[in-house]
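Along the sequence shown, residues are numbered consecutively beginning with 1.
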Amino acid sequence: MYQYPKQILTIEQQVQSYIDAGMKITSQEDVEKALKSIGFYRLRGYSFQLYDNAAKKYVPGTKFEDVIKLYQFDQELSALVFSMISKIEVALRVRLVEALLIHGEPLVLQDSSIFKEKKRYWQNMATVASEIARSNDVFIKHNFDNHDGEVPVWAAVEVLSFGTLSKIIKNLKTGTGRSYSILASNYQYKSKKGNLVKPSQKMLASWIQGASVLRNMCAHNSRIYNRTNSYDTGDSGCR
């Protein structure tokens, strides 16, 4: 078995490591309480900019309270961002259904003719089927029991992940009067010349995927403060 070079530190040793690195500790009891409820490793992310890697010391004057304040700020920011992205996600589902129903078919997701790449369509449908199958929502069970297992688009989009929605949108055929054009009209932005412009499929898909990654970070209590995020805009998507 590989021998990891670093050893587990006790709470007391963690506090001492702060002191050895020049951090000011006002109350050891408060520090120990924070380490027991938040964790040494998690708090490291909030002290990167306060630490001099070359000197292996914290910037002179750094207090443990400074790190805690950044952590608390991140918690509040995360809750706010999550709330806003949840509204964006709900609106996207409604608008996608509205755009797809111009075809007048409740089972429109099964119509490959409205999608550009057929291979990608079937790959996406495999994901759609999987996400519907694992849902325990009452409205999905209703369709299984009463409609021969067929799930209309307005029910399907409610259980699909943000990433899967992005893949479906990215593969829609484009052109005036098509579903993508109708959907994109909800997300127009001003160009440098001041004109209202509809986002390209790649652009809108990247917006959705970026929002999805950020939403998932907030949902899983990951740090969003002082962090650069990257994501794949290809077929991998995100949940």
Side-chain angles (χ1 to χ4, degrees), residues 81-188 198-220 231-239:
V81 170
F82 185 81
S83 175
M84 293 298 103
I85 293 180
S86 293
K87 294 179 182 179
I88 292 171
E89 181 179 358
V90 170
L92 175 67
R93 295 179 192 278
V94 174
R95 291 166 178 175
L96 178 58
V97 170
E98 180 183 29
L100 289 171
L101 286 180
I102 64 165
H103 298 284
E105 173 53 64
L107 303 178
V108 65
L109 288 179
Q110 299 179 27
D111 184 1
S112 63
S113 69
I114 70 171
F115 296 97
K116 295 183 296 186
E117 298 181 29
K118 307 311 175 185
K119 181 177 180 179
R120 179 172 293 178
Y121 162 76
W122 284 109
Q123 290 172 336
N124 291 344
M125 283 304 294
T127 304
V128 168
S130 176
E131 293 182 2
I132 289 175
R134 69 167 174 250
S135 171
N136 293 317
D137 285 284
V138 173
F139 56 88
I140 295 297
K141 186 177 186 302
H142 169 79
N143 284 287
F144 285 170
D145 295 342
N146 298 283
H147 298 286
D148 203 26
E150 299 293 355
V151 181
V153 62
W154 56 81
V157 299
E158 290 300 320
V159 299
L160 298 183
S161 68
F162 225 166
T164 299
L165 292 176
S166 173
K167 293 177 184 180
I168 289 172
I169 292 168
K170 195 173 181 180
N171 199 32
L172 286 170
K173 286 182 177 178
T174 58
T176 303
R178 290 191 178 275
S179 292
Y180 178 76
S181 180
I182 294 172
L183 175 64
S185 65
N186 292 290
Y187 299 97
Q188 295 182 91
K198 293 180 181 179
S200 67
Q201 279 181 303
K202 184 176 181 180
M203 181 182 291
L204 183 55
S206 73
W207 291 351
I208 297 169
Q209 288 184 302
S212 175
V213 169
L214 186 54
R215 188 276 311 271
N216 289 344
M217 289 170 60
C218 293
H220 295 289
Y231 52 90
D232 183 0
T233 57
D235 292 339
S236 63
C238 43
R239 282 208 50 74

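- Taking all atoms of both residues into account, the shortest heavy-atom contact from I85 to A211 is CD1-O, 3.6 Å.
- Between the side chain of N186 and the main chain of L183, a donor-acceptor pair closer than 3.5 Å is present.
- Listed for the N124 side chain is no donor-acceptor partner under 3.5 Å among the backbone atoms of T164.
- Shown here is D145, whose CG atom has more than 12 heavy atoms of other residues, nucleotides or ligands within 6.0 Å.
- Without hydrogens or angle criteria, E117 side chain to N171 main chain gives no donor-acceptor distance under 3.5 Å.
- When every heavy atom of V81 is checked against every heavy atom of C218, the shortest pair comes out as CG1-SG, 3.9 Å.
- Under the 4.5 Å side-chain criterion, counting only non-hydrogen atoms from C-beta, V153 is not in contact with P106.
- In this structure, F162 and N216 have side chains that are not in contact, with every pair of non-hydrogen atoms separated by 4.5 Å or more.
- Note: M84 CE to K87 NZ = 3.5 Å, rounded to the nearest 0.5 Å.
- Heavy atoms from other residues, nucleotides or ligands lying under 6.0 Å from CG of N136 number 12 at most.
- Taking all atoms of both residues into account, the shortest heavy-atom contact from G163 to S212 is N-OG, 4.3 Å.
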Go through the steps for K173 and F115 under the test side-chain contact (heavy atoms from CB on, under 4.5 Å), then give the verdict. CA-CA 5 Å; K173 286 182 177 178; F115 296 97; 5.7 Å; no

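- In summary, the side chains of T127 and K167 do not present any donor paired with an acceptor at a separation below 3.5 Å, with no hydrogens or angles considered.
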Dump the intermediate steps for side-chain contact (heavy atoms from CB on, under 4.5 Å) on V94 and W154, then the final yes or no. CA-CA 8 Å; V94 174; W154 56 81; over 6 Å; no

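- In terms of heavy-atom proximity, P152 sits nearest to N143 at CD-OD1, 3.4 Å.
- With hydrogens and angles ignored, the 3.5 Å screen pairs a side-chain donor or acceptor of D111 with a backbone N or O of S113.
- Interatomic distance, OG of S161 versus CZ of R215, reported as 8.0 Å (0.5 Å rounding).
- The shortest non-hydrogen separation linking I102 to G177 is CD1-O, 3.2 Å.
- Taking the side chain as every heavy atom from C-beta outward, Y187 and K198 never approach each other to under 4.5 Å.
- The main-chain N or O of S185 is found under 3.5 Å from a side-chain atom of Q188 such that the two form a donor-acceptor pair.
- Under the side-chain contact (heavy atoms from CB on, under 4.5 Å) criterion, S166 pairs with A205, I208, Q209, not counting sequence neighbours.
- Between the side chain of Y180 and the backbone N or O of Q201, at least one donor-acceptor pair lies under 3.5 Å.
- Side-chain N or O atoms of D148 include none that pairs as donor or acceptor with a backbone N or O of F144 at under 3.5 Å.
- When the ring pair (Phe, Tyr, Trp, His ring centres under 6.0 Å) test is applied to H147, the partners found at least two apart in sequence or on another chain are H142.
- For P199 against A184, the heavy-atom pair with the smallest separation is CD-O, 3.7 Å.
- Contact of the V128 side chain with the I168 side chain is registered, since non-hydrogen atoms from C-beta on lie closer than 4.5 Å.
- Side-chain atoms of S135 and E131, non-hydrogen and from C-beta on, never get closer than 4.5 Å to each other.
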Does the pair L214 and F82 meet the rule for a side-chain contact (heavy atoms from CB on, under 4.5 Å), with working shown? CA-CA 8 Å; L214 186 54; F82 185 81; over 6 Å; no

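- Legend: residues meeting salt bridge (Lys or Arg N to Asp or Glu O under 4.0 Å) with E105, ordered by chain and number and at least two apart, are absent.
- Residues I114 and L100 are in side-chain contact: their nearest non-hydrogen atoms beyond the backbone lie under 4.5 Å apart.
- R93 places no side-chain N or O within 3.5 Å of a backbone atom of I88 that could act as its donor or acceptor partner.
- Using modelled atom types, one side-chain atom of R178 and one backbone atom of T174 make a donor-acceptor pair closer than 3.5 Å.
- Dense packing is recorded around NZ of K118, with more than 12 heavy atoms of other residues, nucleotides or ligands lying under 6.0 Å away.
- Checking side-chain atoms of S179 against main-chain N and O of A99 turns up a donor-acceptor pair under 3.5 Å.
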I169 and L92: CA distance, side-chain angles, deciding distance, side-chain contact (heavy atoms from CB on, under 4.5 Å) verdict: CA-CA 10 Å; I169 292 168; L92 175 67; 3.9 Å; yes

